[in-house]
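These notes are about the structure you will find just below.
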Amino acid sequence: MPEPQREPTFYTRVYEVVRRVPRGSVVTYGQVALICGSPAAARAVGYALNALDGSDDTIPWWRVVNAQGRISLKGRGAAADLQRALLEREGVAFDGDGRIDLRERRWWPET
DNA sequence: AGCCTGACTCAAA
DNA sequence: CTTTGAGCCAGGC
């Protein structure tokens with residue numbers, strides 16, 4: 001029998017990683033890419049999350065921010081406000097420039 | 001198959 | 001501080 005199913009796709013890996021991010025913590029796109037095996041595939045991570053489009057509420061997409069600790073949905077308006085609201089509700093604080101203190105909020109999987 | 005785009009990131013100027 | 005270019009992956013035409 002030929003291979004019934006190949007390794008999980010990049011999307012799948014992204015979802016699995018994001019799903020493990022605990023409440024009140026955040027990760028960066030680059031981090032997720034690294035965990036998925038492609039250190040420089042941060043763009044694909046964003047693309048994967050974009051593909052969710054709210055159809056998968058089991059994935060805390062709002063806990064993913066860019067490397068500067070800021071929300072990358074700046075150009076999408078409503079979604080950006082939603083993300084910030086959701087994070088603040090989990091206890092994640094933003095400074096005057098809309099940045100999160102990654103030194104304290106960054107989550108990292110256990111090897 | 002090729003080319004373009006995008007919720008990204010980093011280094012260099 | 002800002003701007004530019006290159007690298008990465010998947011999807012649509």
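All figures in this text were calculated on a predicted structure; none of them were measured in a lab. Order of the sequence lines sets the chain letters (A, B, ...), proteins ahead of strands, with each chain counted from 1.
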Check your understanding: With distance as the sole test, does Gln83(A) use its side chain to make a donor-acceptor pair with the main-chain N or O of Ser72(A) at under 3.5 Å?
Key -> no
Point to revise | Where Ala42(A) and Ala33(A) come nearest, the two heavy atoms and their spacing | key: N-CB, 3.7 Å
Practice item. Give the nucleotide from the list dC8(B), dC10(B), dC9(C) with an atom nearest to the side chain of Ala41(A). Key: dC9(C)
Practice item. Give, for atom CH2 of Trp62(A) and atom CG of Leu73(A), the distance between the pair rounded to the nearest 0.5 Å. Key: 13.0 Å
Review point. Please give, in whole Å, the distance from dT9(B) P to Tyr47(A) OH?
Key: 18 Å
Point to revise | Distance, rounded to the nearest Å, where Arg43(A) contributes CZ and dG12(C) contributes C1' | key: 16 Å
Check your understanding: Are Val17(A) and Val14(A) close enough, and set up right, to give a side chain to side chain contact (heavy atoms under 4.5 Å, CB included), and what steps lead you there?
Key -> CA-CA 5 Å; Val17(A) 172; Val14(A) 169; 6.0 Å; no
Practice item. Would you classify Asn50(A) as touching base, sugar-phosphate or nothing, given that sugar-phosphate means primed atoms plus P, OP1 and OP2, and contacts are heavy atoms under 4.0 Å? Key: base
Check your understanding: Hey, are the side chains of Val26(A) and Leu102(A) touching, using non-hydrogen atoms and a 4.5 Å cut-off?
Key -> yes
**Study point:** Between P of dA10(C) and CG of Leu49(A), the distance in whole Å
**Key:** 14 Å
Point to revise | Under 4.0 angstrom between Ser38(A) side-chain N/O and dC8(C) OP1 or OP2 | key: no
Review point. Between Arg19(A), Arg13(A), Arg20(A), which is the residue that forms a salt bridge (charged side-chain N to carboxylate O under 4.0 Å, His left out) with Glu16(A)?
Key: Arg19(A)
Review point. What's the closest nucleotide to the Ala44(A) side chain, out of dT9(B), dC9(C), dG11(C)?
Key: dC9(C)
Practice item. Under 4.0 Å between any heavy atoms, over every strand shown, what does Phe10(A) touch: base, sugar-phosphate, or nothing? Just pick one. Key: sugar-phosphate
Check your understanding: Over how many whole Å does the gap from Asn66(A) atom CG to dC8(C) atom P extend?
Key -> 21 Å
Point to revise | Whole-Å distance separating the CD1 atom of Ile35(A) from the P atom of dC8(B) | key: 18 Å
Exercise for review: Determine whether Thr28(A) and Arg106(A) make a side-chain contact, defined as any pair of heavy atoms from C-beta on separated by less than 4.5 Å.
Suggested key: yes
Check your understanding: Nearest-Å distance, CD (Gln68(A)) to P (dC8(B))?
Key -> 11 Å
Point to revise | Interface with DNA chain C, restricted to residues 88-104 of chain A and to heavy atoms under 4.0 Å | key: none
Point to revise | Between P of dC8(B) and OH of Tyr29(A), the distance in whole Å | key: 6 Å
